[in-house]
Amino acid sequence: MLDQKLIRENPTSVEENLSLRGKVYKISHVHELTVKKKEIDIEISSIQSKSKQLSKSIGNLIGKSQNNNLKELKDLKKKGNEYRIKISELEEKQRILEKEVDDEISNLPNFPSKDAPIGKDESDNVQVKTWGDPFKKENIKSHWEIGESLNIFDSVKSTKISKSRFITLVGNGARLERALINFMIDTHTKNDYLELMPPALVNSESLKGSGQLPKFSSESFKCSNDDLWLSPTAEVPITAFHKNEIIDPKQLPLKYVAYSPCFRREAGSYGRDTKGLIRLHQFNKVELYWFCDPSKSTEAHEKITSDAESILKKLNLPYRLVDICTGDLGFSSSRTFDLEVWLPSSKCYREISSCSNCLDFQSRRSSIRAKIDKKNTYLHTLNGSGLAIGRTMAAILENGQQTDGSVKIPDALVPYFGSKFLKTA
RNA sequence: GGAGAGGUGGCUGAGUGGUCGAAAGCGAACGACUCGAAAUCGUUUAAUAGGUAACUAUUCGUGGGUUCGAAUCCCACCCUCUCCGCCA
């Protein structure tokens, strides 16, 4: 959520900042609404003040004389009644305006950071660095071919259970999934992250608080009988964990790691990545999340990214770091570093983690503050996958494939998985 | 799901129409006493929004309503607790 005051006082700068995303944003209408709303706020409070004084003097008058039928009293009450009617009229206007303003501002994305590369779309993203040697060989199998031959997951049977884009992990596949979750959480908790295991169902307010609503309602699954949705990422419940709080600044930064199943409708992606573990309606993810002092979020962004990277390094998976351009930034983010893992079968890097600095965008939506220098200040929030489990498994299968059909398990994962190779059961 | 009870400041808890933003206690801060501390005594101490400030408004679960005036009355919703039912 952008600052309403900024929109009211400096609409031009708001438009300029938003236009960095490569689209035109017209905010003159919201601007007018915020100005009107401010006028009404002031008017209401001045009438309330008069009305309050009047009520007190009526109280005093009744206290002094026992007679309730004085003409003076009647006149005062009449005057009070006028105030009341006026106030309720104005409040009605205020409510409508507030809703309009809120609706419009809720649909505006965050400002891109000045440091983000300027660009229109994905093709303008900037590769910052690569790590490890991409595995290139003839006769490379895709992870779904490997999965099928090792019998570690089954998508055909899963359509009987649910529909397409769902997966059932089988035997060692399920075991590998659990090993990855535990390995990642252990690594991060050793690094001072506090583990959370939040609800998978979240209410509308929570989705709004982190930016998924109102604009992206078609991206999430809704439970029709309740005001509950299947959470698309742990970012949602973690943000909501501190909703409407004023946090003691001594506790900052708050660093959380959470495993959660994630549910996404993937509307509009029909035909893309239909095979394997890359794009599913349900997948597991370990998420990293920081609430921090606004002056320290740039630094925190570097740190959360390197914490996510450390998993790829420990698993010895080749990857690259990409600086997302202004036109390709997510709705809530002002700067995003993507980590992309090498998938040899498709000879390309695929996103496995997205590390974003949302500045005060989510904390303003969710009202999460800390008293810093005697002022209540919206905190900065940062999130990053550390990592997406299914895609990590795909990368391990493809990068670790052996000529005999087995898969080498990364050394760091062996204690969790329980053996050095993944073979046919 | 059924029956009942309840949601008040950092905490406990009083308050059923009029200086109530709210008694009392605990806690906290400061001061006195003390070499220092404990104990004791005294003073102070809710939050939010707007404003440089004086100040103004709002807030007693949330949202409406009645009234000149609502923590207090009415309606709806949310949450918590107890019992019963169901259940991993």
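Each chain gets a letter, A, B and so on, in the order its sequence line appears, and its residues count up from 1.
- In this structure, U52(B) forms no base pair with any nucleotide, since neither Watson-Crick nor G-U wobble geometry is met with both distances under 3.5 Å.
- A close approach under 4.0 Å does not occur between any side-chain nitrogen or oxygen of Lys50(A) and OP1 or OP2 of U56(B).
- Comparing the same atom, C1', in C84(B) and in U67(B) gives a spacing of 42 Å after rounding to whole Å.
- Using N1 to N3 plus N6-O4 or O6-N4 for Watson-Crick, or N1-O2 and O6-N3 for G-U wobble, each under 3.5 Å, A22(B) pairs with nothing.
- Candidate nucleotides U58(B), U48(B), C68(B) were compared by shortest atom distance to the side chain of Ser55(A), and C68(B) ranks first.
- Here Ile58(A) lies in heavy-atom contact (under 4.0 Å) with a base.
- Surrounding NZ of Lys296(A) are at most 12 heavy atoms belonging to other residues, nucleotides or ligands under 6.0 Å away.
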- Decide yes or no on ring-ring contact (aromatic ring centres under 6.0 Å, His included) for His188(A) and Tyr256(A), but give the supporting numbers first. CA-CA 9 Å; His188(A) 295 309; Tyr256(A) 293 111; over 10 Å; no
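- On the P atoms, A70(B) is 11 Å away from U19(B), given to the nearest whole Å.
- Contact check, Lys375(A) against A49(B): no side-chain N or O comes under 4.0 Å of OP1 or OP2.
- Atom name P, nucleotides A29(B) and C79(B): the rounded distance is 38 Å, in whole Å.
- The nucleotide whose nearest atom lies closest to any side-chain atom of Lys77(A) is, among A49(B), C68(B), U58(B), C68(B).
- Pairing partner, G4(B): C81(B), with both Watson-Crick or wobble hydrogen-bond distances short of 3.5 Å.
- One atom, NZ of Lys99(A), and another, P of G64(B), lie 14 Å apart when rounded to the nearest Å.
- Residues Asp154(A) and Thr168(A) bring no donor and acceptor atom of their side chains to less than 3.5 Å of each other.
- Of the P atoms belonging to C77(B) and G9(B), the separation is 24 Å, rounded to the nearest Å.
- For the pair Lys79(A) and Tyr83(A), the cation-pi criterion (under 6.0 Å, within 45° of the ring axis) is fulfilled.
- Using a 4.0 Å heavy-atom criterion, one finds that Asn376(A) contacts the sugar-phosphate atoms exclusively.
- The side chain of Arg84(A) approaches G69(B) more closely than any other nucleotide in the set G18(B), G69(B), A49(B).
- Side chain of Arg95(A), nearest nucleotide from G64(B), U48(B), A57(B): G64(B).
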